[in-house]
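Starting from 1, each residue takes its place in the sequence as its number.
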Amino acid sequence: MTVDFYKTTDAPNVADKTLTDKKSVENVKPFAPCNIDEPAFLMDYDSTLNSYNYCYVPDFGKYYFVSPPTLETGHKMRINCTCDVLKT
């Protein structure tokens, strides 16, 4: 699956957020078990994603707040997300 990562400086309670620096990442896998409202994703490690705090998952049709990544074994990283109900 593909996930589009963004940066935003808007507060969480702003519905129409300004999204910048789009970065699309392919071959992202849901981290099982996957909850569509609070999913976690496993992907190849990419240090540039450390500064991204927002994402859109086209397969789910939802926008998410992104927590700082967690390093996993095998040069992988896990991204935990929480649904942005105002933007979605």
Side-chain angles (χ1 to χ4, degrees):
M1 106 179 8
T2 299
V3 176
D4 299 325
F5 289 91
Y6 298 93
K7 295 178 184 177
T8 185
T9 56
D10 294 327
N13 63 348
V14 173
D16 192 22
K17 293 177 179 58
T18 302
L19 305 177
T20 61
D21 299 328
K22 178 180 178 181
K23 179 173 183 156
S24 295
V25 178
E26 296 180 356
N27 298 320
V28 176
K29 302 203 181 330
F31 193 81
C34 185
N35 177 336
I36 196 167
D37 290 326
E38 293 184 355
F41 300 105
L42 193 64
M43 64 193 79
D44 291 333
Y45 177 73
D46 182 346
S47 63
T48 62
L49 290 177
N50 292 338
S51 61
Y52 285 77
N53 60 354
Y54 205 76
C55 74
Y56 175 71
V57 180
D59 287 350
F60 296 164
K62 293 187 175 201
Y63 289 88
Y64 298 91
F65 298 105
V66 174
S67 298
T70 303
L71 298 178
E72 299 286 331
T73 58
H75 202 62
K76 300 282 185 186
M77 62 193 290
R78 184 177 71 211
I79 302 286
N80 295 312
C81 304
T82 304
C83 185
D84 181 356
V85 295
L86 295 178
K87 179 87 171 157
T88 295

*What do you reckon, is CG of D16 surrounded by more than 12 foreign heavy atoms closer than 6.0 Å?*
no
Are [Y] and [X] linked, directly or through intermediate hydrophobic residues, by side-chain heavy-atom contacts shorter than 4.5 Å (ILVMFWY only)?
X	Y	value
M43	L71	yes
L42	Y52	no
L19	F65	yes
V85	I36	no
V66	F31	no

If you take all heavy atoms of [X] and [Y], which pair is closest and at what distance?
X	Y	value
T88	C83	OG1-SG, 3.8 Å
P39	F60	CB-CE1, 4.2 Å
N80	A40	OD1-CB, 3.2 Å
P30	M1	CG-CE, 3.9 Å

*asked:* I'd like to know if the side chain of N50 and the backbone of P69 have a donor-acceptor N/O pair within less than 3.5 Å.
replied: no
*asked:* Donor-acceptor pair, distance only, cut-off 3.5 Å: does the side chain of T8 make one with the backbone of T18?
replied: yes
Please identify each residue that fulfils side chain to side chain donor-acceptor pair (under 3.5 Å) with [X], with sequence neighbours left out.
X	answer
D4	S24
K17	D84
K7	S51

_Could you measure the distance from the CG atom of N35 to the SG atom of C81? Nearest 0.5 Å is fine._
11.0 Å
_Could you check, using the six-membered ring where one of them is a Trp, whether Y64 and Y54 have ring centers closer than 6.0 angstrom?_
no
*Not counting sequence neighbours, which residues clear salt bridge (charged side-chain N to carboxylate O under 4.0 Å, His left out) with E38? List them please.*
none
*Which pairs count as salt bridge (Lys or Arg N to Asp or Glu O under 4.0 Å) when at least one residue sits in residues 39-57, sequence neighbours excluded?*
K23-D46, D44-K76
*Scan residues 51-71 for pairs that pass salt bridge (Lys or Arg N to Asp or Glu O under 4.0 Å), counting only residues two or more places apart or in two chains.*
D37-K62
*Do you know which of Y63, Y6, F5 makes ring-ring contact (aromatic ring centres under 6.0 Å, His included) with Y56?*
Y63
